[in-house]
2 protein chains.
Amino acid sequence: MSSVTFSPLYRQIRDRLVHSLQSGEWRPGEAIPSELELAARYGVSQGTVRKAIDALAAENLLVRRQGRGTFVASHHEARAQFRFLRLRPDEGEARQPTSRFLDCRRLRAPVEIARALELKAGDSVVTIRRLLEFDGVPTVLEEIWLPGAPFRGLSAERLTAYSGPLYALLETEFGTRMIRASERLRAVAAGEGEAVALGVQTGTPLLLVDRVSQTYGDKPVEVRRGWYLTRDHHYFNELS
Amino acid sequence: MSSVTFSPLYRQIRDRLVHSLQSGEWRPGEAIPSELELAARYGVSQGTVRKAIDALAAENLLVRRQGRGTFVASHHEARAQFRFLRLRPDEGEARQPTSRFLDCRRLRAPVEIARALELKAGDSVVTIRRLLEFDGVPTVLEEIWLPGAPFRGLSAERLTAYSGPLYALLETEFGTRMIRASERLRAVAAGEGEAVALGVQTGTPLLLVDRVSQTYGDKPVEVRRGWYLTRDHHYFNELS
DNA sequence: TAGTGGTCTAGACCACATA
DNA sequence: ATGTGGTCTAGACCACTAG
């Protein structure tokens, strides 16, 4: 086998596990089969399955729980709540924001959005605008873009009826799980619209956060732009 | 052994390896002994040493190179250059900035700095101000605070004579290696000083980055505040 | 060719959760 | 008591690097 093609067994097992996750064979929050069962199924040793699962646990696709089993990660779990929202209060514990939905429309994808979501120009997309409030204080204004097809039933009513994290809703109701995202941050001056929404003066410095999220297979399925008011909060990041 | 105290063998080996790194037994860039040698030294199997090394490689303290050996990570390596500088150009490849040192003074630690560095109020500290330029464009203004004792010989001349990354100099000349850092980001308006240094108008939105860096044993050894001009650059972050 | 890390296996035993 | 993941071992063989 040529060296550029070489892929160790545990990597192949990892990929088959991802395929099972992607196909919905095991759903978020559920346990996957035990290591010994999987070893038997794939005809490899337990150690090889273990290494494959270790890799997926490191990627946060699976969660190991000693004595209980290995579970498919879910945005409904408490530990996942702050993985994709890095804003923290300057003082005190991080708290769950409440979201106020301002808008939810379907339209044809603008060129920029289409490119980021790997759609054809003119394909249908859903756009959402919302305001996140911490303890009643408007702190983040967000503009979200999703491909229309996988989120056909998404509407303002559906969003308003739900109180948890958006990604949890998308995971449960539409079977699309966000597993990774990349963000680009900038400092900008608040425009008219942002200023009104966040209750600050035009020109106030805001943290602009552009995000592209991906699901299984590195497929981009969300584009998001957020304006963060960092008067009493900050964006937290660990470098290692 | 009570469950709160339980520490697996590979974890103990990991800690002994860290101790050897901290004591300078193996220096940045050098190879550590082979897995079999270490297994013999510690009286455990190769597999256990392997797991300990895997953990340290995941923490970026060691770097594995198949066929060659395992090496102590160093800030002199190309792969480390952008681990602690997350600013990237909006267009094109990331390039190494040049730094212009504005100031380097020794003084008694202000209360805030002393607390962050776990010093006694009044202990000696070194403070550095510098400007990072990308392709000649001033883009980051930084104010750095280091404890005085470990960096006794640090001076403006020493800094100016050196052209590489600051952490590489601190590692080589003073034996202190930064291994981890946490950052807090905010958007702020440029004050008089920042505006002049960066060549922008007062009030221009800037990305304010506050960092605390740690060396072995989670000991904080650097406090840094940076003002990032995000006109043509952005702060990049991966969420997973 | 020798030495290094990388993969894979088989088996024993430990820690933890649940019934 | 049972079943799960977690640890540890010993040994065989593969992939890669360097002399």
Side-chain angles (χ1 to χ4, degrees), chain A residues 1-17 20-21 26 29-74 77-79, chain B residues 1-18 20-21 25-26 29-74 77-79:
Chain A
M1 184 179 281
S2 98
S3 78
V4 297
T5 314
F6 173 72
S7 164
L9 239 194
Y10 74 84
R11 172 76 202 189
Q12 300 171 39
I13 303 300
R14 189 212 86 107
D15 292 344
R16 296 178 71 167
L17 291 172
S20 289
L21 290 170
W26 313 307
E30 288 180 3
I32 70 172
S34 76
E35 295 180 350
L36 282 172
E37 276 183 82
L38 291 169
R41 176 200 290 204
Y42 298 128
V44 299
S45 74
Q46 182 186 5
T48 299
V49 168
R50 166 171 293 277
K51 201 160 179 197
I53 292 177
D54 281 345
L56 293 176
E59 295 178 59
N60 292 305
L61 298 199
L62 296 176
V63 179
R64 291 178 165 288
R65 292 191 193 136
Q66 189 175 8
R68 298 187 53 200
T70 300
F71 299 78
V72 182
S74 165
E77 299 160 29
R79 58 184 298 290
Chain B
M1 182 177 282
S2 95
S3 80
V4 297
T5 314
F6 173 73
S7 165
L9 239 194
Y10 74 84
R11 171 76 202 190
Q12 299 171 38
I13 303 301
R14 189 211 86 107
D15 293 343
R16 296 178 71 166
L17 291 172
V18 170
S20 289
L21 290 171
E25 179 177 349
W26 312 307
E30 287 180 4
I32 70 173
S34 76
E35 295 180 349
L36 282 172
E37 276 184 82
L38 291 169
R41 176 200 290 204
Y42 298 128
V44 300
S45 73
Q46 182 186 6
T48 299
V49 169
R50 165 171 294 275
K51 201 160 179 197
I53 292 177
D54 281 346
L56 293 176
E59 295 177 61
N60 291 307
L61 298 199
L62 295 177
V63 179
R64 315 193 77 134
R65 293 188 193 138
Q66 189 175 6
R68 298 186 53 199
T70 300
F71 299 77
V72 182
S74 164
E77 299 160 30
R79 57 184 299 289

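Please read all numbers here as calculations on a predicted model, not as lab measurements. For the numbers below, each heavy atom of this structure counts, side chains included, while hydrogens, waters and symmetry mates do not. In what follows, every chain begins at residue 1, and chains take the letters A, B, ... in the order their sequences are listed.
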(message) Looking at E35(A) and R64(A), is any side-chain nitrogen of the basic one under 4.0 Å from a carboxylate oxygen of the acidic one?
(response) yes

Calculate the interatomic distance between [X] atom [atom1] and [N] atom [atom2]; express it in whole Å.
X      : N       : atom1 : atom2 : result
R50(A) : dG5(D)  : CZ    : P     : 8 Å
L38(B) : dC8(D)  : CG    : P     : 16 Å
L36(A) : dT2(D)  : CG    : P     : 16 Å
R11(A) : dT7(C)  : CZ    : P     : 11 Å
E35(A) : dC16(C) : CD    : P     : 17 Å
Q66(A) : dT7(D)  : CD    : P     : 7 Å
Q46(B) : dG3(C)  : CD    : P     : 15 Å
I32(A) : dT4(D)  : CD1   : P     : 12 Å

[X] side chain near [N] phosphate (N/O to OP1/OP2, under 4.0 Å):
X      : N      : answer
R65(B) : dG5(C) : no
K51(A) : dC8(C) : no
T48(B) : dT9(D) : yes
T70(B) : dG5(C) : yes

Nearest 0.5 Å, what's the [atom1]-[atom2] distance between [X] and [Y]?
X      : Y      : atom1 : atom2 : value
L17(B) : L38(B) : CG    : CG    : 6.0 Å
R16(A) : R41(A) : CZ    : CZ    : 8.0 Å
K51(A) : S45(A) : NZ    : OG    : 11.0 Å
D15(B) : L56(B) : CG    : CG    : 8.5 Å

(request) Counting Watson-Crick and G-U wobble pairs whose two distances are both under 3.5 Å, find the runs of 3 or more in a row that involve DNA chain D. (result) C:1-18 with D:1-18

Let's see if you can work this out: which of [options] has an atom nearest to the side-chain heavy atoms of [X]?
X      : options                 : answer
P8(A)  : dT9(D), dT9(C), dT7(C)  : dT7(C)
S45(A) : dC8(C), dG6(D), dT9(C)  : dT9(C)
S34(B) : dG5(C), dT7(C), dA10(D) : dG5(C)

(message) Distance criterion of 3.5 Å, no angle test: do you see the side chain of R64(A) paired donor-to-acceptor with the base of dG6(D)?
(response) no

(request) Kindly say whether S7(A) contributes a backbone atom to a donor-acceptor pair with the side chain of Q12(A) at under 3.5 angstrom? (result) yes

(message) Go nucleotide by nucleotide along DNA chain C from the 5' end; which of L9(A) and G67(A) gets its closest nucleotide reached first?
(response) L9(A)

(message) Assuming nearest nucleotide by heavy-atom distance, tell me which of G69(A) and R68(B) is located more 5' along DNA chain D.
(response) G69(A)

